[in-house]
Amino acid sequence: MIRDITLGQYYPGYSVIHKLDPRMKIIVTMFYIASLFIIEDFYGYVLIVLAVAAITAVSRVPVRFMLRGLKPVMIIILFTFVLNMLMTPGTILWQWKFIKITEEGLYNAVYLALRLILLIIGSSLLTLTTKPMKLTDGIESLLKPFKKLGLPAHELAMMMTIALRFIPTLLEETDKIMKAQQARGADFESGGLLKRAKALIPLLVPLFVGAFRIAQELAMAMEARCYRGGEGRTKLNALKFRRRDAVAVLLTAAYIGILIAERVLL
Amino acid sequence: MIRVENLTHVYNKGLAYETKAVDDVSFTVEDGAFIGIIGHTGSGKSTLIQHLNGILKPDSGKIFVDDIEITNKKTKMAEIRKKVGLVFQYPEYQLFEETVYKDIAFGPKNLGLSDDEVDFRVKEAMALVNISFDEFAERSPFELSGGQKRRVAIAGVIAMKPAVLILDEPSAGLDPKAHTDILNMISMIRKQTGNTIILVSHNMGDIAQLSDLVFVMDHGKLASAGPPSEVFADTAFLQGIGLGLPPATEMAHYLAARGCAADNIILTRDELVDFLAETFGSGGEAK
Ligand SMILES: Nc1ncnc2c1ncn2[C@@H]1O[C@H](COP(=O)(O)OP(=O)(O)OP(=O)(O)O)[C@@H](O)[C@H]1O
Ligand SMILES: [Mg+2]
């Protein structure tokens with residue numbers, strides 16, 4: 001079903017990870033992504049997998065739920081895996097006609113696939129444990145310094161908030177319209193490309209009409225509550241940097257330190 | 001005939017927020033019956049009826065339509081959609097064609113009917129929902145009023161000529177006149193086609209007036225089933241699960257409290273008027 005898409009979804013919970021300051025979580029995630037490119041060898045990957053496993057355990061997000069986020073990108077991962085395996089020159093391990101697998105290729109392929117998987121799991125940890133509203137609050141706050149350069153930080157964050165807020169609504173709408181058209185005998189699943197594209201019209205037209213209706217209603221509701229952009233707005237729940245955030249920063253620093261040490265020393 | 005056996009449907013199975021929307025429900029609907037389904041918000045009415053034409057698949061349990069097991073994977077869904085027509089809550093949001101005519105023709109065309117047959121059915125359906133062909137056939141469905149849109153959407157399902165017509169709160173959000181229009185339309189469709197009709201509604205008055213049999217849903221379970229005269233006799237039970245009485249029945253209760261009780265349960269406005277006329281009118285005498 002269309003509702004199974006988990007990318008960017010929030011998994012409700014009350015763990016320490018859930019409670020951390022979103023600004024810090026965003027920055028830590030960036031460091032984490034960078035760290036994926038520091039390491040080169042087996043022990044480095046072991047360290048990262050351990051770190052991710054530890055954070056997942058603390059956050060209490062079910063592993064099954066996290067792995068579901070990988071499903072949509074599995075094809076890309078497989079593709080890079082196969083391509084790397086076959087295209088890297090080096091010592092030949094196995095050969096059949098013009099297809100050859102090299103030792104270097106195999107290493108490359110495994111490492112790259114692992115990197116991609118860790119990248120997605122790491123960033124879904126951020127979205128799974130952070131409410132969309134907090135996430136955009138964090139982004140807005142982090143973008144504030146760029147306001148002087150003319151970057152509309154608040155407006156960008158508001159746009160993101162609204163977009164995130166309406167993803168589930170639009171998915172629900174899609175689901176409903178699809179069912180209603182199926183009840184009228186519409187068939188979204190069979191036929192050639194052209195036929196399938198045509199079959200989408202009864203879905204897309206009502207969806208767009210609905211999206212515009214929702215947008216208009218939202219704009220009116222916001223104006224009715226005197227929304228007029230970011231100037232002089234204060235927050236009900238201002239972001240606060242707490243002790244647990246400091247601990248997280250220290251842990252991240254230690255993590256990066258260990259990874260660099262591992263690379264330099266081993 | 002529709003037979004439902006131990007139907008259970010769980011949304012978001014296995015997740016922290018899974019909901020058992022329909023819980024071990026069994027019932028039978030005879031041909032030509034008028035079934036009313038009531039239940040509080042979120043009691044699983046919409047989920048239940050979406051199983052009856054195979055739009056939703058149950059987590060467990062079986063459904064038979066005319067002895068075809070529709071929960072069987074091999075069953076052709078097109079056959080079932082032809083037999084069981086489903087009008088969703090707020091059906092006007094499914095309109096998409098350039099003209100009213102084309103929109104109503106969408107369903108019959110999907111059934112693979114000839115152009116002549118489609119044309120005939122569209123005209124017939126428009127007459128049944130009381131939308132004038134000459135005036136509206138070539139108009140855009142997006143230009144119509146809410147009530148008109150709703151009727152066009154209903155026509156789109158009727159034009160498929162299902163033997164069973166299921167309507168999910170067809171009069172929700174309409175003004176009193178549009179509401180009455182829709183109800184009259186349903187009675188009319190029943191009279192002319194002899195269809196089995198399943199009506200989901202929060203309006204107890206409508207249910208009491210139209211149904212042969214009332215199903216009461218509560219937290220996914222079928223809490224009670226019977227003719228309106230039985231279901232609406234148990235006031236305490238209904239109020240306990242967040243439901244009320246038909247207005248006429250409620251009125252009769254007030255009258256009874258003032259010492260003017262009727263012998264039989266009163267369900268509709270006509271019955272109430274008859275009772276009052278008999279008791280206080282020129283023919284009768286005050287008790
Ligand atoms: N697509 C869905 N995904 C997840 N949960 C759902 C979905 N649809 C309904 N539910 C849940 O299932 C339960 C039953 O919903 P359903 O729509 O069947 O109720 P209903 O009786 O039709 O209510 P209403 O009178 O408001 O229309 C509710 O708790 C609802 O939150
Ligand atoms: Mg409903």
Side-chain angles (χ1 to χ4, degrees), chain A residues 1-6 9-15 18 59-69 128-129 168-191 195 198-214 217, chain B residues 11-17 46-47 49-57 76-98 102-113 140-142 149 153-160 162 165-168:
Chain A
M1 256 291 140
I2 199 147
R3 284 169 185 250
D4 290 342
I5 299 170
T6 58
Q9 219 182 56
Y10 174 64
Y11 187 88
Y14 299 96
S15 72
H18 282 80
S59 75
R60 296 217 198 98
V61 176
V63 175
R64 195 165 29 91
F65 199 84
M66 272 196 1
L67 295 184
R68 259 183 22 180
L128 280 169
T129 61
T169 309
L170 285 180
L171 286 180
E172 207 171 295
E173 236 4 55
T174 312
D175 199 43
K176 253 194 232 160
I177 297 168
M178 233 163 136
K179 282 195 211 155
Q181 306 299 27
Q182 275 173 342
R184 294 208 279 164
D187 179 6
F188 297 111
E189 270 128 34
S190 62
K195 186 161 170 268
K198 255 185 160 167
L200 283 181
I201 295 174
L203 176 64
L204 291 180
V205 173
L207 195 61
F208 272 109
V209 173
F212 279 112
R213 193 189 64 242
I214 291 171
E217 280 167 9
Chain B
Y11 284 113
N12 300 313
K13 198 167 193 161
L15 300 186
Y17 41 90
S46 301
T47 309
I49 56 167
Q50 283 170 35
H51 283 85
L52 302 183
N53 73 341
I55 292 277
L56 283 181
K57 302 278 175 236
K76 282 240 163 53
M77 277 305 133
E79 284 303 308
I80 303 304
R81 307 269 151 82
K82 218 188 282 185
K83 277 185 200 248
V84 183
L86 177 54
V87 179
F88 279 79
Q89 237 164 334
Y90 300 102
E92 55 272 30
Y93 295 142
Q94 74 192 32
L95 300 174
F96 70 97
E97 275 286 13
E98 296 150 60
K102 281 191 190 165
D103 208 287
I104 298 174
F106 179 67
K109 273 205 179 133
N110 285 331
L111 295 181
L113 300 171
S140 158
F142 297 104
K149 274 188 200 163
I154 295 174
V157 174
I158 293 176
M160 296 171 76
L165 181 63
I166 307 176
L167 301 127
D168 195 352

Contact class of Tyr90(B) relative to chain A, heavy atoms under 4.5 angstrom: neither

Heavy-atom proximity to chain B below 4.5 Å, by part of Ile201(A): both

Inter-residue atom distance Gln94(B).CD - Arg184(A).CZ, 0.5 Å rounding: 4.5 Å

Spatial distance of atom CD1 (Ile55(B)) from atom NZ (Lys179(A)) [nearest 0.5 Å]: 8.0 Å

Greater than 12 external heavy atoms within 6.0 Å of Lys149(B)'s NZ: yes

Closest approach of Pro206(A) to Leu95(B) (non-hydrogen atoms, all atoms of both residues): CG-O, 3.7 Å

Counterpart residues, salt bridge (Lys or Arg N to Asp or Glu O under 4.0 Å), relative to Lys57(B) (two or more places apart): none

Worked verdict on Tyr93(B) versus Arg213(A) for side chain to side chain contact (heavy atoms under 4.5 Å, CB included): CA-CA 11 Å; Tyr93(B) 295 142; Arg213(A) 193 189 64 242; 3.2 Å; yes

Straight-line distance of Phe106(B) CZ to Gln181(A) CD, nearest 0.5 Å: 5.0 Å

Residues, nucleotides or ligands: over 12 heavy atoms within 6.0 Å of Phe208(A) CZ: no

Closest heavy-atom pair and its distance - Val205(A), Phe96(B): CG1-O, 3.6 Å

Positions in residues 78-89 of chain B that reach chain A, provided some heavy atom is under 4.5 Å away: Arg81(B), Leu86(B), Phe88(B)

